S.K.: 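Here's a structure for you.
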Amino acid sequence: MEKKTQSSQRLVLFPCPYQGHINPMLQLGTFLHSKGFSITVVHTHFNSPNPSNHPEFTFFPIPDGLTADEISSGNIMAILLALNANCKASFEQTLTEVMEKEPQNKIICIIHDDIMYFSEAVARHLNIPSIMLRTTSVTNFLARSAVLQLHSEDHLPFPDSLSLNPVPQFHPLRFKDLPTSNLDTFENYSKLAVNAGNVRTASAIIWNTVDCLEQSSLAQIQQQCQVPIFSIGPLHKIAPAASSSLLEEDTSCIAWLEKQSHKSVIYVSLGSVASIGEKELGEMAWGLANSNQPFLWVIRPGSICGLNWNETLPQGFIEAVGERGCIVKWAPQREVLTHGAVGGFWSHCGWNSTLESLSEGVPMICTPSFGDQKVHARYISQVWRVGVQLENELERGEIERAVRTLMVDDDGEGMRVRAKDLKEKIEVCMKRGGSSYSFLNKLVELIMSL
Ligand SMILES: O=c1ccn([C@@H]2O[C@H](COP(=O)(O)OP(=O)(O)O[C@H]3O[C@H](CO)[C@@H](O)[C@H](O)[C@H]3O)[C@@H](O)[C@H]2O)c(=O)[nH]1
């Protein structure tokens with residue numbers, strides 16, 4: 001068989017324009033580029049990635065048709081539905097122009113985020129093979145089908161009395177852990193979920209997960225799916241140098257970490273989307289202060305109901321914690337989690353944060369906000385047993401106890417040991433002969449054969 005020269009083979013990536021989706025897509029691009037493919041990223045103007053972070057890629061922004069009102073509404077579901085409706089023509093036109101301009105650099109495949117499902121229709125129309133990238137866990141995907149099923153049988157919204165009951169066939173998920181969304185109407189949620197969930201003509205699904213974390217869910221999904229599934233994660237470890245931050249990282253926190261003792265710091269971040277109220281902010285602040293542990297806290301601009309954190313932190317808090325606390329607007333999270341001073345991560349349990357923490361053996365405190373985060377929080381605390389979930393409204397006493405359990409008390413020792421073991425299991429999956437390693441090779445072979 002004639003060996004194709006990869007450098008003349010172009011892969012087009014279309015990420016979903018949110019941080020938790022851009023990161024794994026560009027990490028995947030970095031890996032595929034290292035295998036000799038040329039990478040073109042077509043993206044929306046909205047939340048566009050910074051090309052200077054990836055000089056090895058070609059970037060093409062396309063008009064996305066979002067209005068200023070839509071963007072400022074912050075309604076993510078509505079924005080995603082609008083992007084799927086608006087971007088089809090401009091994506092197709094851009095691809096046609098790219099192909100006309102450089103016919104020798106053939107587009108051999110379009111890899112798109114499953115939420116940007118319109119891309120698949122464009123690929124089909126232009127007769128280009130496509131592959132989906134899924135950026136959340138397989139278990140969440142299965143649980144989402146349960147949500148759609150419950151809704152079709154008129155069981156949603158479920159009564160509060162059911163909240164702690166187990167969902168049949170989804171042990172250990174309870175009804176309250178199902179990935180329902182409080183972000184928008186159920187109609188919009190299901191429209192997105194159904195469209196992103198359908199595999200129409202995609203040649204394969206790439207999943208940013210690791211076999212050792214989701215073995216039974218992966219076996220289940222592979223049975224349901226007609227196309228190959230490549231579980232090649234954790235992508236941030238596969239392409240460790242790739243940075244794609246939309247916000248500027250404040251690296252001064254690394255100098256602060258250098259001054260802290262081994263495994264003493266609790267790192268706190270609720271990701272790029274979740275927000276909290278002023279009251280919750282106050283409880284978090286005093287819980288951290290009273291725990292007596294050093295903490296590094298990311299308070300993203302706009303994440304406290306749009307208010308400025310300098311004005312919303314409780315009076316006397318900054319003075320009370322002094323040098324023991326470091327607050328930044330955005331951190332180099334992956335670097336933070338690999339730092340020896342970090343001994344725990346208080347997280348909203350977005351899938352990237354979950355993978356980033358598990359890969360470094362850092363145990364977690366979980367406060368999920370919406371969707372898949374609730375599934376991951378349950379898995380962290382009950383399946384992998386490497387963390388504690390705060391189940392009630394945030395309250396300073398419970399926070400203080402959770403921090404101490406996670407970081408210092410004897411009853412948290414089991415969690416800390418299991419977190420270390422899980423890190424080692426993930427490393428085995430990434431080494432030669434491991435599942436992620438093998439799937440990455442198979443993925444390259446599949447792309448070459450398209
Ligand atoms: O100060 C910070 C905070 C976060 N991050 C990075 O930002 C990403 C955040 O991703 P994630 O933890 O997945 O959270 P979200 O930003 O909330 O991600 C969205 O997308 C994820 C993937 O689909 C879902 O799991 C989440 O529920 C959804 O909210 C991670 O790579 C972090 O390393 C930083 O670099 N610096």
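Note that this is a predicted model, so its numbers are computed, not measured. Both counts, for ligands and for their atoms, begin at 1 and track the order of listing. Position 1 is the first residue of the sequence; numbering continues from there. Side-chain atoms are counted along with the backbone in the values below, which use heavy atoms only and exclude waters and symmetry mates.
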S.K.: Could you tell me whether T135 approaches ligand 1 through its side chain, its backbone, both or neither, with non-hydrogen atoms closer than 4.0 Å?
M.R.: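 Both backbone and side chain.
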
S.K.: Where's the contact between F370 and ligand 1, heavy-atom distance under 4.0 Å: side chain, backbone, both or neither?
M.R.: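 Side chain only.
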
S.K.: Is the gap between the ring centers of W384 and Y379 under 6.0 Å?
M.R.: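 Between Y379 and W384, which both carry aromatic rings, the centre distance is below 6.0 Å.
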
S.K.: Going by the closest heavy atom to atom 20 (O) of ligand 1, which one wins out of H21, Q27, R134?
M.R.: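 Selected option, by shortest heavy-atom distance: H21.
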
S.K.: Considering only protein heavy atoms, which is closest to atom 12 (O) of ligand 1, and at what distance to one decimal place?
M.R.: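 Result: S353 OG, 2.5 Å.
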
S.K.: What do you reckon, does C349 have a nitrogen or oxygen under 3.5 Å from a nitrogen or oxygen of ligand 1?
M.R.: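 By distance alone, the answer is no.
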
S.K.: Tell me the contacting part of H236 for ligand 1: side chain, backbone, both, or neither, using a 4.0 Å heavy-atom threshold, strictly below.
M.R.: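 It is neither; nothing of H236 touches ligand 1.
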
S.K.: Which one of N352, N208, D372, D114 satisfies the side-chain hydrogen bond (donor to acceptor under 3.5 Å, both in side chains) criterion with T136?
M.R.: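 Of the listed residues N352, N208, D372, D114, the side-chain hydrogen bond (donor to acceptor under 3.5 Å, both in side chains) partner of T136 is D372.
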
S.K.: Would you please classify the geometry between the H54 ring and the F59 ring as parallel, tilted or perpendicular, with 30° and 60° separating the classes?
M.R.: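 Tilted, since the angle between the ring planes falls between 30° and 60°.
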
S.K.: Is any side-chain heavy atom of W351 closer than 4.5 Å to a side-chain heavy atom of T209?
M.R.: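 Touching, per the 4.5 Å side-chain cut-off.
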
S.K.: Applying the side-chain contact (heavy atoms from CB on, under 4.5 Å) criterion to Y117, which one of V199, N84, L80 satisfies it?
M.R.: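 Only one of V199, N84, L80 forms a side-chain contact (heavy atoms from CB on, under 4.5 Å) with Y117, namely N84.
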
S.K.: Please classify the S269 to ligand 1 contact at 4.0 Å (heavy-atom distances, strictly less than): side chain, backbone, both or neither.
M.R.: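 The answer is the side chain.
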
S.K.: Heavy-atom pairs closer than 4.0 Å: do any link ligand 1 to the side chain of Y267, the backbone, both, or neither?
M.R.: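 Near ligand 1, Y267 shows its side chain, while the N, CA, C and O stay back.
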
S.K.: Please examine the side chains of Q293 and V408, heavy atoms only from C-beta on, and report whether any two atoms are closer than 4.5 Å.
M.R.: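 SC-SC contact between V408 and Q293 confirmed.
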
S.K.: With a 6.0 Å cut-off on ring centres, are F91 and F14 close enough?
M.R.: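 Yes, close enough.
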
S.K.: Establish, yes or no, whether the cationic atom of K35 lies under 6.0 Å from the six-membered ring centre of F37 and within 45° of the ring axis.
M.R.: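 No, cation not above the ring by the 6.0 Å, 45° rule.
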
S.K.: Under the side-chain contact (heavy atoms from CB on, under 4.5 Å) criterion, do L257 and V265 qualify, and how do the steps go?
M.R.: CA-CA 8 Å; L257 280 176; V265 175; 4.0 Å; yes

S.K.: Decide whether the shortest distance between a heavy atom of W330 and an atom of ligand 1 is less than 4.0 Å.
M.R.: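 Checking ligand 1 against W330, which is what was asked, there is a heavy-atom contact under 4.0 Å.
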
S.K.: Among protein heavy atoms, which sits nearest to atom 1 (O) of ligand 1, and what does the distance come to when rounded to 0.1 Å?
M.R.: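 Sorting protein heavy atoms by distance from atom 1 (O) of ligand 1 puts A331 N, 2.8 Å first.
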
S.K.: Who's the nearest protein heavy-atom neighbour of atom 27 (O) of ligand 1, and how far?
M.R.: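 Residue, atom and distance for the closest contact: D372 OD1, 2.6 Å.
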
S.K.: Any idea which protein heavy atom is nearest atom 33 (O) of ligand 1, and the distance to it?
M.R.: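 Going atom by atom, the protein heavy atom closest to atom 33 (O) of ligand 1 ends up being E356 OE1, 2.6 Å.
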
S.K.: Classify the contact between N352 and ligand 1 as side chain, backbone, both or neither, using a heavy-atom distance cut-off of under 4.0 Å.
M.R.: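 Both the backbone and the side chain of N352 come within reach of ligand 1.
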
S.K.: Taking the six-membered ring for Trp, are the ring centroids of Y267 and W297 within less than 6.0 Å of each other?
M.R.: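 No, they do not, as the ring centres are separated by 6.0 Å or more.
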
S.K.: Considering non-hydrogen atoms of the protein only, which is the closest contact for atom 28 (C) of ligand 1, and what is the distance?
M.R.: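 So the nearest neighbour among protein heavy atoms is Q373 NE2, 4.0 Å.
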
S.K.: For ligand 1, indicate whether the residue H348 contacts it via side chain, backbone, both or neither (heavy-atom separation under 4.0 Å).
M.R.: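 It is the side chain that gets close, since no backbone atom is under 4.0 Å.
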
